[in-house]
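Supplied in structure tokens, the structure appears directly below.
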There are 2 protein chains.
Amino acid sequence: MDHIEIFKALSNKSRLQMLEWLKEPEINFPEQLASGFEHGVCVGQIQAKAGLTQSTVSEYLSILQRAGFIESTRVGQWTYYKRNEAAFTALSKIIESNL
Amino acid sequence: MDHIEIFKALSNKSRLQMLEWLKEPEINFPEQLASGFEHGVCVGQIQAKAGLTQSTVSEYLSILQRAGFIESTRVGQWTYYKRNEAAFTALSKIIESNL
DNA sequence: CAAATATATCGACTTTTCCCGATATACCAA
DNA sequence: TTGGTATATCGGGAAAAGTCGATATATTTG
């Protein structure tokens with residue numbers, strides 16, 4: 001993954017917010033408490049909170065995924081997204097020593 | 001400084017390259033060896049290496065400066081830019097623990 | 001299989017970014 | 001003070017990103 005695409009992915013308020021929300025699914029997505037957060041949060045929940053259209057949210061999540069910050073799991077008709085903490089650690093190190 | 005502006009500043013190949021060049025001025029800007037690198041490298045040297053117009057380079061440097069990654073010093077008719085390492089360390093920590 | 005639901009993709013329009021040339025400003029030297 | 005040199009700012013055209021509504025695809029359920 002190119003560094004530029006990584007920084008571009010982080011250059012948007014809504015996307016940054018999604019990443020933040022996914023840090024604490026239990027707190028930010030209580031509607032999904034019942035089904036649990038094993039694989040993260042499904043697109044619909046994120047959309048409801050983001051106040052953007054379904055298509056925009058879907059695209060933003062895929063941008064974040066391509067950049068490596070989140071991973072997706074399809075379960076039935078739902079796609080769940082959850083953070084990939086390793087990507088943040090890796091980026092942190094790149095900035096500290098390679099930028 | 002807003003996080004978004006920081007990431008936007010890093011979302012461009014030429015700007016990333018400038019930051020990299022400024023890590024080793026002695027190696028990347030030998031033409032300026034004579035006058036030293038006390039305050040960094042002057043705009044003209046960076047422009048010559050970047051292969052962009054003077055106006056573009058000037059703007060890019062000011063974007064990087066607003067984001068905190070470089071600092072400028074005016075000496076006579078020259079403006080010198082040098083890295084502000086603290087900004088990289090700070091960003092690294094933000095990504096590690098606040099993103 | 002048909003309808004319903006969740007998500008992804010497509011096409012279009014608006015806003016932002018990229019990058020340029022032209023011009024303005026600051027400083028130095030004769 | 002008159003050029004000459006270095007940098008900054010302004011205005012614009014092309015490309016990319018932001019965002020939407022409409023449509024397509026997947027999956028579940030009756």
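Throughout, a chain's letter reflects where its sequence line sits, starting with A, and its residues are numbered from 1.
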With sequence neighbours left out, the residues meeting side chain to side chain donor-acceptor pair (under 3.5 Å) with Ser11(A) are Ser11(B)

Without placing hydrogens or testing angles, list every side-chain donor-acceptor pair under 3.5 Å for residues 64-72 of chain A, not counting sequence neighbours.
unit_1	atom_1	unit_2	atom_2	d
Gln65(A)	NE2	Ser72(A)	OG	2.9
Arg66(A)	NH1	Ser62(A)	OG	3.0

Under a 4.0 Å heavy-atom criterion, the protein footprint on nucleotides 2-14 of chain D, written with B, S and -, is --BBSBBB-----

Grouping ILVMFWY residues whenever side-chain heavy atoms fall under 4.5 Å, the cluster of Ile27(A) otherwise contains none

In residues 15-26 of chain A, what donor-acceptor pairs under 3.5 Å come from side-chain atoms, sequence neighbours left out?
unit_1	atom_1	unit_2	atom_2	d
Arg15(A)	NE	Ala9(A)	O	2.9
Arg15(A)	NH2	Lys8(A)	O	3.1

When the rotation axes relating C1' atoms of four end pairs to the next four are compared across the helix from dC1(C)-dG30(D) to dA30(C)-dT1(D), five pairs an end, they differ to 10° by 20°

When rounded to whole Å, the CD to P distance for the pair Gln47(B) and dC19(C) reads 14 Å

So the side chain to side chain donor-acceptor pair (under 3.5 Å) pairs with at least one residue in residues 35-59 of chain B (sequence neighbours excluded) are Thr53(B)-Ser55(B), Thr53(B)-Thr56(B)

Residue pairs passing the salt bridge (charged side-chain N to carboxylate O under 4.0 Å, His left out) test with at least one member in residues 75-87 of chain A, sequence neighbours excluded, are Arg83(A)-Glu85(A)

What residues 4-38 of chain B contributes to the DNA chain D interface at heavy-atom separation below 4.0 Å is none

In short, ring pair (Phe, Tyr, Trp, His ring centres under 6.0 Å) pairs touching residues 42-65 of chain A with sequence neighbours left out are none

side-chain contact (heavy atoms from CB on, under 4.5 Å) filter on Asn98(B), not counting sequence neighbours, yields Ile94(B)

Going by chain and number, the hydrophobic cluster around Trp78(B) (ILVMFWY, side chain to side chain under 4.5 Å) further includes Val75(B), Tyr80(B)

- Side-chain donor/acceptor of Thr79(A) to backbone N/O of Arg74(A), under 3.5 Å: no

